[in-house]
**Q** 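Following this message is one structure expressed as structure tokens.
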Amino acid sequence: QVQLVESGGGLEEAGGSLRLSCAASGRTFSNFGMGWFRQAPGKEREFVAAISWGGGRTYYTNSVKGRFTISRDNAKNTVYLQMNSLNPEDTAVYYCAAERSGAGSRWDRAYEYWGQGTQVPVSS
């Protein structure tokens with residue numbers, strides 16, 4: 001079992017930055033691929049970014065490339081999402097998730113463990 005707790009969300013103005021954190025506990029964090037997903041009001045959950053177990057591979061959805069950066073610190077059992085140049089279209093609840101293969105994935109069905117989410121409203 002892996003427990004995931006997100007933090008760092010909050011109201012931000014367009015053009016601003018936030019760093020989300022996801023703290024993991026339970027089974028060996030460093031074995032898991034990690035992902036960030038988001039769900040905007042009235043929309044389906046979508047992939048944002050993923051990172052492999054060692055951090056060597058990262059994946060991003062096109063809309064956040066060049067603005068968001070996913071990273072992890074296995075010593076701290078934490079994965080991060082640095083979000084720069086925020087715009088109102090980034091408004092969503094952001095979730096972190098863990099998957100067993102260690103590779104990371106764009107597909108939400110690959111992820112077995114999910115956090116409760118953190119809200120990120122971006123004002124125009």
**Q** Got a sec, which residues hit side chain to side chain contact (heavy atoms under 4.5 Å, CB included) with Glu44, two or more places apart in sequence or on another chain?
**A** none
**Q** Of Thr69, Thr118, Leu20, which is the lone residue that meets side-chain contact (heavy atoms from CB on, under 4.5 Å) with Leu81?
**A** Leu20
**Q** Do any N or O atoms from the side chain of Asn84 and from the backbone of Gly15 form a donor-acceptor pair under 3.5 angstrom?
**A** no
**Q** Kindly compute the distance separating OG1 (Thr78) from CE (Met34), expressed to the nearest 0.5 Å.
**A** 9.0 Å
**Q** Without swapping roles, check the side chain of Ser52 against the backbone of Arg57 for a donor-acceptor pair under 3.5 Å.
**A** yes
**Q** Which atom pair, heavy atoms only, marks the closest approach of Asn74 to Gly54?
**A** ND2-CA, 4.5 Å
**Q** Per the salt bridge (charged side-chain N to carboxylate O under 4.0 Å, His left out) rule, what does the pair list look like for residues 8-24, sequence neighbours excluded?
**A** none
**Q** Distance check, rounded to the nearest 0.5 Å: Phe32 atom CZ versus Arg72 atom CZ?
**A** 10.0 Å
**Q** Any salt bridge (charged side-chain N to carboxylate O under 4.0 Å, His left out) involving residues 110-124? Give me the pairs, sequence neighbours left out, ordered by first then second residue.
**A** Arg100-Glu112
**Q** Is the number of heavy atoms from other residues, nucleotides or ligands under 6.0 Å of Gln39 CD greater than 12?
**A** yes
**Q** If you take all heavy atoms of Glu99 and Ser101, which pair is closest and at what distance?
**A** OE1-OG, 2.6 Å
**Q** Going by ring pair (Phe, Tyr, Trp, His ring centres under 6.0 Å), name the residues that satisfy it together with Phe37, two or more places apart in sequence or in a different chain.
**A** Phe47, Tyr111, Trp114
**Q** Would you say Leu18 and Val79 are hydrophobically clustered, going by side-chain heavy atoms of ILVMFWY under 4.5 Å?
**A** yes
**Q** Could you list the residues that satisfy side chain to side chain contact (heavy atoms under 4.5 Å, CB included) with Asn31, not counting sequence neighbours?
**A** Thr28
**Q** Once rounded to the nearest 0.5 Å, what's the spacing between atom CZ of Phe68 and atom OG1 of Thr61?
**A** 10.0 Å
**Q** Going by atom type alone, with no hydrogens or angles, which donor-acceptor pairs under 3.5 Å involve a side-chain atom of residues 89-97 and a protein atom two or more places apart or on another chain?
**A**
unit_1: Asp90; atom_1: OD1; unit_2: Arg38; atom_2: NH1; d: 3.0
unit_1: Asp90; atom_1: OD1; unit_2: Arg67; atom_2: NH2; d: 3.0
unit_1: Asp90; atom_1: OD2; unit_2: Arg67; atom_2: NH1; d: 2.8
unit_1: Asp90; atom_1: OD2; unit_2: Arg67; atom_2: NH2; d: 3.4
unit_1: Asp90; atom_1: OD2; unit_2: Asn87; atom_2: N; d: 2.9
unit_1: Thr91; atom_1: OG1; unit_2: Pro88; atom_2: O; d: 3.0
unit_1: Thr91; atom_1: OG1; unit_2: Val122; atom_2: N; d: 2.9
unit_1: Thr91; atom_1: OG1; unit_2: Val122; atom_2: O; d: 3.4
unit_1: Tyr94; atom_1: OH; unit_2: Arg38; atom_2: NH1; d: 2.9
unit_1: Tyr94; atom_1: OH; unit_2: Asp90; atom_2: O; d: 2.6

**Q** Check whether Glu6 reaches the backbone of Gln116 with its side chain - one donor and one acceptor, N or O, closer than 3.5 Å.
**A** yes
**Q** Check the hydrophobic clustering (I, L, V, M, F, W, Y; side-chain heavy atoms under 4.5 Å; chains of links allowed) and say if Tyr80 and Trp53 are grouped together.
**A** no
**Q** Could you tell me whether a side-chain N or O of Tyr60 sits under 3.5 Å from a main-chain N or O of Ile70, the two making a donor and an acceptor?
**A** yes
**Q** To the nearest 0.5 Å, tell me how far Asn77 CG sits from Cys22 SG.
**A** 10.0 Å
**Q** So how far is it from Gln82 CD to Ser17 OG, rounded to the nearest 0.5 Å?
**A** 6.0 Å
**Q** Drop me the distance from Phe29's CZ to Leu4's CG, to the nearest 0.5 angstrom.
**A** 8.0 Å
